[in-house]
Structures are given as structure tokens and as C-alpha cells.
Amino acid sequence: MCTNAPEDVAAHPAAKYAADVVSLNRDLSFRNLVNLAKQDPALFTHFAERGDGLVTLAVPTRHLPHRYLIGLQGFRLAQYLQLGWACSDVAYRQAIFCEPLGVTHADDEHIITLSPSGRILGYVSLATNGDGESRDLFDPERAAFPVEEAHGINIFDRVAPLAGVGTHEVRELKRFVHSRTLTDRTQRLRVTLELLHGLGQAVVAASPAVRTLIGDVEEHVALRHLLMAGLEVQLVEGTAPQLTDHDLLKHAYTERASVKPFVSHLPDAGFAAQQATMLAETLDSPDLFQAATDMSSSRPGRLSRVDGERRAA
Amino acid sequence: MTATLDATLDIPTLTTIPPDVAALQQEVRRWCQERVAPAVRALDEADAADFDWDLIQEGHDLGLTRLVVPKQFGGLGYGEFGVAIALEELAAVDAGLALVFGATMLGQAPVLLSGDPRLQARFLPLFSGDEVVLACNAITEDKAGCDLLIPENAEYAVDVMQARREGDHYVLNGDKKFITNGKVAKYGTVFANIEGHEGATMLTCFVVPLDTPGITRGAIADKMGYRTCLGTELHFDNVIVPAENVAGGEGGGVYINVQQMNMARAAVAAIATGVARGALEQAVEFAGERIQGGKVLWQHQFTARKLAEMAAKVEASRMLYLRAAYMADTQIPAPVFETAAAKLFADQVAIEVCTEAMSVMGARGYLRDHGMEKRLRDALGSRIYEGTPEVLALAITESLYETDDF
């Protein structure tokens, strides 16, 4: 049974374990990832190094050394433990020190912003469903995306897919994770924009072209990132997470404001490239907050809601 | 020299080196030739307290601090066989450097041997990042050396570091001596006896971050050889260690230690073999160029005989450590006889081959400029740690007489 972390961390083995996992991951550096990107740029989908020493890169799982993948999943778990989204009891019982790797696929893209010392400041991933060949979105044999598993739905039962789009043209946008050490507002915004820029470049580079993004978001939090990026977001209301008490991330769905699935169809092939260009220009601006506001207002995202009823076949 | 084995043994896997280990061997060899060899003399002549972090960082980048860390923790997942081959490559150029990484593996071993998944999850991923992390294994004390290694001696051990249980933690008090990497390690596996028990009869292994309050790192030993690695004292003054940091359970330190030693001896035999191989290669090169009496040295029968015997000894030494490493990888518990025999033999071979190589080189062998005297100093060191010949002899003969496991 998953319980909340107690106040007295020292007296609770699971809380002590979680604190150790957080400390362990905080100490890890990934600076050679930058060298790897410089030595072999063809392996990386995106690389941006700005004047303040931040480096953002995007790399598919198949080109990411295994220990870095473990490190990324460890970073994510460490932040989730601190936020109370991951269950320290489950982590303790199962001796988990990183999010399980089994749900990552070779073509998943990992977008990472690193500090000059190689510490992860922000991370987001763009997940595939792992189908070997692209399948129809209503094919009962296709693999589910993580959001569909979490909510127990075929998301395209709720929001109609674009005509002719199969599983290889859909990506799940996982949650943005910022380092808890990132307390400076400007730096935090920069990291968000860097991740969005990297995401845009990863979408641009995908083949076949990505036509639809899906995922789940908490309103007023991650949803803002999507709207900032100019996406038209359809939020699915009325679903309930299908997670057991033994699920490591159950709290991420139950301890926060309602987490809702979303679908965002990209308007055209050039959209992601245009948005990526705008984001790059914003990041080069001396007044980041003003530039981000200007960018959002020049091409604002749009939000609509659909009820959770299953569409007629 | 290559480590390709042509001899027929009863262990089929020893006839070839697996491709992943061969790739590791080549990678380490290349790094040693390109980066380590040019630095060896400076490393040897540096002040005893100097430590070349840049070179160690390069070794870390190569994966040498995570060779035995399982892949699920971001390591490379090699067994003793792969480790031993990598250490031979390092030691052929600089035994001290080999020991920096070997001592780190020794510090990782209790965490691995404990079989405690939470202990493993809390410590082993430390080595998967890009900043170098070293570990150490702290057992030896001023008045207790072999008494902590030989279970039958445990009751005679005196002034052993004490651990006192207080609620959810232990309090450690005492001193450790000659701890390789003690000055530079992030954490150590520290052996202490539980208070109220005789000698070292309740020896317990603790995983201790070395920045824990109450720990001071003491004087660095000014060693004859192995100067690249630092041997240090560690002082523990009321050091609080969480109970969950015990590896192998209270009183389980003796089992952890015996297993650790039996496994480590194959690796130490590989280091000694590397020292001998380095000396042989240098002697072969010299004897292939130096002309006396109108012909190169190796064509003189006395020299040829020396070189031939040196080569045979190195080859035999390698066979023994590979067999021991293979058995350590495939047997639970790790074997006593084979690993002790491999180390006993390799230590002696290292001294003999370095001595003969020095003789082949004449005056040059005796001069610091040429590096052979450094190899001989290192060879003498291999005989001391992880079991002196006297301790090894007991282990071997007890196996011969099939008495209690050592």
C-alpha cells in the first residue's frame, strides 16, 4: 500500500531510502553527453549551447548509452519523489532507484538541458508506443501509449484521429521535469523554453512526420507549456487513472489536481519548424519573460475540452 | 604479448577470450600506451600525497571504475575474468594505477556480495555518472592485519575497530591503516567488530560515506612502489552509520571478507602478471636492439635462456590467474586454492621476471631513467597486499589437507 512520506524522515525506512535516492541522483553528472554530441553529432537530433553555459540536446534511446538512460530515469524519479508524485514505499520495497526502463523504446526522443557541470536541469521525452510497424490507431493489436495505459483508454476513442495517421505518426509528450535545484525564475523559464525548442526540433526531425501529440497534463501546470508552444490542445475530461496502490507513480495522478489526457493534432508539416524557429529567437532575446509573452501572443495555443464518453465507432 | 590462450585446459571457455572482454582489453591497452605510459615516471616520482585526478578521470571515462558494477546500475557488468584482463593491461604499464581501480572494485565488492538490493541501489549507481568516484575497502589496522583475514585468528585480534548499536544506527570508533584510496575515496567499506564480542569474532562490514562527520583521513604512506595510488590512515571518532548500511548482516563481515579476498586474489595475480609482462616486454625490446659481441643480445645463449624462462613464467602466471578468475566467476563460494595459488605464483613471478629483466638490461636496468627499477619496486609490493605469501601458503596447504575452508 502506498503511503505519503512521513514528517519524520529519519524514523521511516522508506523515507530515508527515498532521500538517499534523491541524493544519489543529485550527485550524478552527465557532462560527457555534451562531448559525445560534439564528437558524433549525427547521433543527436538536436544540440544547442548558449552563452550562459546551458546545453540542450535531443537524442533517441537507440543512440543513448545505457547508463545515461538509467541516469535520466533516475533524475525523473528523484524529482518525483521530492514532489511527492512517486511513492517512496513502493520505491523502497522494490529497491527502485530510477523509473523502470522497460517502458522506453528505441525511437523515443530524450530532450535534456544540462548545466555547465553536467547536472540535469530539465528533461522531457517524446515517446513512441514501440510498434515495430505503424498500425491503425484502432487496431486492437497495436501497443498502447503510456497515457492510454494510465487512464485505461484508447485516446482516439475520445478524440478523432487525423485521417490516415498510424501509430508511427503519433508521439506521447511526457511530463516536463525540472530539477528541484532550479529556483531562479528566469533560469527555470529558460530551461522550459530550451526543452520546448528541443522538442520542436525532435518533432521536425521525425520520420515519418509526427502529426499528433498526446499525453496527460495537470491544468495550470504542464498545460501552459503546450499552449505556450502554440498547440491546439483537446483535453479529455472524465477519465480516471487505472493505477493500483502498488504503482510507483500513483501519486502523480491522485495527489495533484486532476491529470487529464490530451490530444493535439499538428496543423501542418511546417508548424513544428516555425515554432522551433520562434523559440530559438525567444531564447536569444535579452528579456526572456517579455520575449516569451510576445511569442505566446503572436501565435497562441488553443484549448478545447471533450467529454470522456467513448465516440461511436 | 597477448592474452590469447592456446593451451588445452579442462575449462573450454579459457581457450578464447570472449569478444567483449577482448574489446575491453584492446581499449585499455590503447589508453595505457597513449596516455598512461608517457606519465608513468612523473607519477612515480611525484610526492607521495600527489594524485593525478585527470588521469583517473580518463580511466573513469573508459569505464574502469564500473567494470564490476552490474548493467542495471549503469555499470559494465564484467566478472573477475574481464576485470583481471583489464588489470593486467594497466599493470603492464603502471601497477599503481591498476590498484587505484582495483581498490575501488574491492570497495564495491561487499555491496555486491551483500545481495541487498537496496544497498546496491543506493551506492552502485554512483559510479555511472561522468564525474569520477572512487571507493576503498578498509580492513587493515595497526595491530590486526592477518587476524582480520583469517577466521581462525579472529579471537586473537586486538584493538579492533568497534561498532556499537544505538537504535537505528551504529557508532564506529577506531583506526584503519594502509587503506588504498583512503585519501580519495567517496565511500569505504569498513570492517568493525561489534562491541562486547571477543577480538574480531563479530566482524561486521559497513558502507560508510567518507564525508561522514567524525572521519578524518590521516597520513599518506610514503611507499616504495605503487606510488600512483595513495595508502592512507582513516580515523573514526564516534562516526554514526545507519543500520541499513551494513553489508552482509551483523557479524557477516567475516564471510564478506573471505569471499572478497578469494575473488580479489585473482585480480591481484593479474596485476602481478602485468608487472612481469611489462618487464618482459621491456627486456625483449632491449635485447632485440642491444648488440654485443657482434650480435643482438637475445642471440646470446645466456640471455636467450633468461628471456625464454621469463616468457614461460609470464604465460604460466596468466594461465593461473585466468583459471582462478573464471572459477571465481562461476563458483559459489569463490574458490580458495586456485585464487591463492595464482596470487602466490604471480607475485613470485613478478619479482623473478623483473629481477632478470634488470639483469638483461645491465646498468640501464638499475637506472631510474629506464623504468625497470620502478617495476621491481612494484613487483615487491604485489607480494604484500591481499595476502602475504605466508597467509597464502596457509590457505593453499589447508586446501591440500582438506581442512576447514579458509
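Keep in mind that the numbers below use all heavy atoms, side chains included, and drop hydrogens, waters and symmetry copies. A, B, ... follow the sequence lines: proteins, then strands. Residue 1 opens every chain.
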Q: Quick one: closest heavy-atom pair of G129(B) and R67(A), and the distance?
A: O-NH1, 3.3 Å
Q: Could you pull out the closest heavy-atom pair between L28(A) and L126(B), with the gap in Å?
A: CD2-O, 3.8 Å
Q: Enter the distance from D27(A):CG to K186(B):NZ here, rounded to the nearest 0.5 Å.
A: 4.5 Å
Q) For E131(B), is it the side chain, the backbone, both or neither that has a heavy atom under 4.5 Å from a heavy atom of chain A? A) both
Q: Examine whether an atom of Y92(A) lies under 4.5 Å from a heavy atom of chain B, and if so say whether it belongs to the side chain, the backbone or both; otherwise answer neither.
A: both
Q: Flag yes if more than 12 heavy atoms outside F47(A) fall under 6.0 Å of its CZ atom; otherwise flag no.
A: yes
**Q.** Minimum heavy-atom distance between Q72(B) and F97(A), given as atom pair plus value
**A.** O-CZ, 3.2 Å
Q: Check the surroundings of atom CZ in R31(A): do more than 12 heavy atoms from other residues, nucleotides or ligands lie under 6.0 Å from it?
A: yes
Q. What part of N32(A) gets closer than 4.5 Å to chain B, counting heavy atoms only: side chain, backbone, both or neither?
A. both
(Q) How about CZ on R62(A), more than 12 heavy atoms from neighbouring residues, nucleotides or ligands closer than 6.0 Å, or not? (A) yes
(Q) Nearest 0.5 angstrom please: K16(A) NZ to R118(B) CZ, how far? (A) 12.0 Å
**Q.** Closest heavy-atom pair and its distance - L33(A), D130(B)
**A.** N-OD2, 3.8 Å
Q: Identify the two heavy atoms, one from A121(B) and one from A95(A), that lie closest to each other, and give their separation to 0.1 Å.
A: CB-O, 3.7 Å
